[in-house]
Structure formats: structure tokens, C-alpha cells
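Position 1 is the first residue of the sequence; numbering continues from there. Values reported hereafter were calculated over all heavy atoms of this structure, with side chains retained and with hydrogens, waters and symmetry mates removed.
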Amino acid sequence: MPGMTQLKASIELQVEKVGQLFDTLDPQPFRERDLDREAEEFIVSWARELPRKAPLEILIHMPPDEALGEQARHLGAAMQRYFAYRAKATSAELRELFRIGRYSLMVGLAVLAICMTLSTVLPRLIPHEQPALILREGLIILGWVANWRPIEIFLYDWWPLVRKKRLFERLASAAIIVRPR
């Protein structure tokens, strides 16, 4: 309806310390660290379940003294930076998949052309009709099977990556709200 604001979809977490959200083995400064794998999985799995059109907010509940600390003030920017990085990495993954798809398609089409040519030439060299037919059909099948992977890439494999990229972009633009409990 016109004039109505859309409700935000919320993901809520509860932690004792800001550091719980980030990978402790990552040597980067706090603002550039990767999220902890479990924290990321939790956030991403909840984000998948929420309405796609609703703006996201991530509510992080923590003790008051932690919520007022230096790291908590930079938590939103750090999380948004991380999800923006993940969206960019997923875009690179998608580009790589399409690069492999193009290469696979070139190879597949070359194999198909060779198999189609051989399927018309080789059966003429075989005096018996049944083995010649088997060879001809086998070559045609081989040529099409060689195109299985590029067809799979261009028809199906890219969808999940695009959805994942969009989800990370959505998380990168989510409002991060730290709440003392």
C-alpha cells in the first residue's frame, strides 16, 4: 500500500563479547577480521528464511559494558565490510564458473563436431551393419555427453551463486544494532 513503510526483518544474536563473532585465528585488525564460521552460518541461515524484499537488521544483544566498548562501536562497519567482501568473492566465483563453462563449451563442441564427423565416416569402413550402427550411435552419444558439463553450468550451476551473492549484498547493507541486555 502506498505510504506504508515496510517492516524490517530481524536476525537476533546474543553474545558475551564482541570477539565471539569474529575468527580468533585471523591476524587482521578487528575491523578487518573474518566472521567466525558458526556466526556467519547462523546469520546467513536466518537471512535465507526471511522475506527477500524486507530490509534486514541484525540485532546483537550483549552485556552493557561490552555494548559500550570500542569494538562494539565498530561492529556494524566490520560486519558490513565482511559481507561486502563475501559478495565480491561470490561474484569472482561466478565469473570463474562462467569462464570454466565457456572453456568446457568450446571443448564440448569440438568433441561433438569430431564425433559427428567420425560417425559418418567410420561406419562406412565396417562391413557389418550392426557394429557400424553401434559405433555411429556411440559416437553421437559421446559427442553430446561431452557437452553435459557446459550445459549444466549454463542452465543450473550459476543460480545458487547469484542467490548467494544477493544474500551477501543484502547482509552487507543490513542495519547492525548493538543492544545491551
If we only count heavy atoms from C-beta on, is the Phe22 to Asp36 side-chain gap below 4.5 Å?
no
Whether over 12 other heavy atoms sit under 6.0 Å from Glu38 CD:
no
Which heavy atom in Ser91 sits nearest to a heavy atom in Lys165, and how many Å separate them?
OG-CE, 2.7 Å
State yes or no: do Ile126 and Leu118 share one hydrophobic cluster built from I, L, V, M, F, W and Y residues joined by side-chain heavy-atom distances below 4.5 Å, directly or via other members?
yes
Is it true that a side-chain atom of Glu49 and a backbone atom of Trp46 form a donor plus acceptor pair closer than 3.5 Å?
no
Please name the pair of heavy atoms, one in Ala54 and one in Leu7, separated by the smallest distance, quoted to 0.1 Å.
CB-O, 3.7 Å
For residues 91-112, which residue pairs pass the salt bridge (charged side-chain N to carboxylate O under 4.0 Å, His left out) check, not counting sequence neighbours?
Glu96-Arg99
To the nearest 0.5 Å, atom CG of Asp34 lies from atom CZ of Arg86 at 8.5 Å
Could you go step by step and tell me if Leu171 and Ile11 meet the side-chain contact (heavy atoms from CB on, under 4.5 Å) rule?
CA-CA 10 Å; Leu171 285 165; Ile11 300 168; 4.2 Å; yes
Shared hydrophobic cluster for Leu161 and Leu155 (ILVMFWY, side-chain gaps under 4.5 Å):
no
Please step through side-chain contact (heavy atoms from CB on, under 4.5 Å) for the pair Leu13 and His61, ending with a clear verdict.
CA-CA 6 Å; Leu13 297 106; His61 302 276; over 6 Å; no
If you take all heavy atoms of Ile153 and Trp158, which pair is closest and at what distance?
O-CD1, 3.2 Å
On the 0 to 90° scale, with breaks at 30° and 60°, tag the Tyr85-Tyr82 ring pair as parallel, tilted or perpendicular.
tilted
How long is the straight-line distance from CD of Glu129 back to CZ of Arg136, given to the nearest 0.5 Å?
11.0 Å
Is there a path from Leu142 to Val107 through hydrophobic residues (I, L, V, M, F, W, Y) whose side chains come within less than 4.5 Å of each other?
no
So which atom in Leu112 and which in Gly143 form the shortest heavy-atom distance, rounded to 0.1 Å?
CD1-C, 3.6 Å
Salt bridge or not between Arg37 and Glu40? Use side-chain N to carboxylate O under 4.0 Å.
no
CG (Leu35) and CZ (Phe83) are apart, to the nearest 0.5 Å, by 5.0 Å
To the nearest 0.5 Å, how far apart are NZ in Lys8 and CG in Leu56?
9.5 Å
Pair Arg149 + Asp157, salt bridge at N-O below 4.0 Å:
yes
I'd like to know if Leu125 and Ile114 are part of one continuous hydrophobic network [Ile/Leu/Val/Met/Phe/Trp/Tyr, side-chain heavy atoms within less than 4.5 Å].
yes
Taking NZ, NE, NH1 and NH2 as the nitrogens, is one of them in Glu16 or Arg181 under 4.0 Å from a carboxylate oxygen of the other?
yes
Taking the side chain as every heavy atom from C-beta outward, state whether Arg163 and Arg52 have any atom pair closer than 4.5 Å.
yes
Picking from Val15, Ile60, Ile58, what satisfies side chain to side chain contact (heavy atoms under 4.5 Å, CB included) with Leu75?
Ile60
Least distance between heavy atoms, Ile140 atom then Met116 atom:
CG1-SD, 4.0 Å
Kindly determine whether Arg33 and Asp23 satisfy side-chain contact (heavy atoms from CB on, under 4.5 Å), including the steps that lead there.
CA-CA 7 Å; Arg33 281 190 184 167; Asp23 185 353; 5.9 Å; no
Testing the basics here: between Val178 and Pro180, what is the closest heavy-atom pair and its distance to 0.1 Å?
O-CD, 4.0 Å
Just verifying a value: how many Å separate Leu21 CG and Ile43 CD1, rounded to the nearest 0.5 Å?
6.5 Å
Examine Val162 and Tyr156 and state if one hydrophobic cluster contains both, with Ile, Leu, Val, Met, Phe, Trp and Tyr joined whenever side-chain heavy atoms are less than 4.5 Å apart.
no
Could you give the distance from CE (Met79) to NE2 (His74), rounded to the nearest 0.5 Å?
15.5 Å
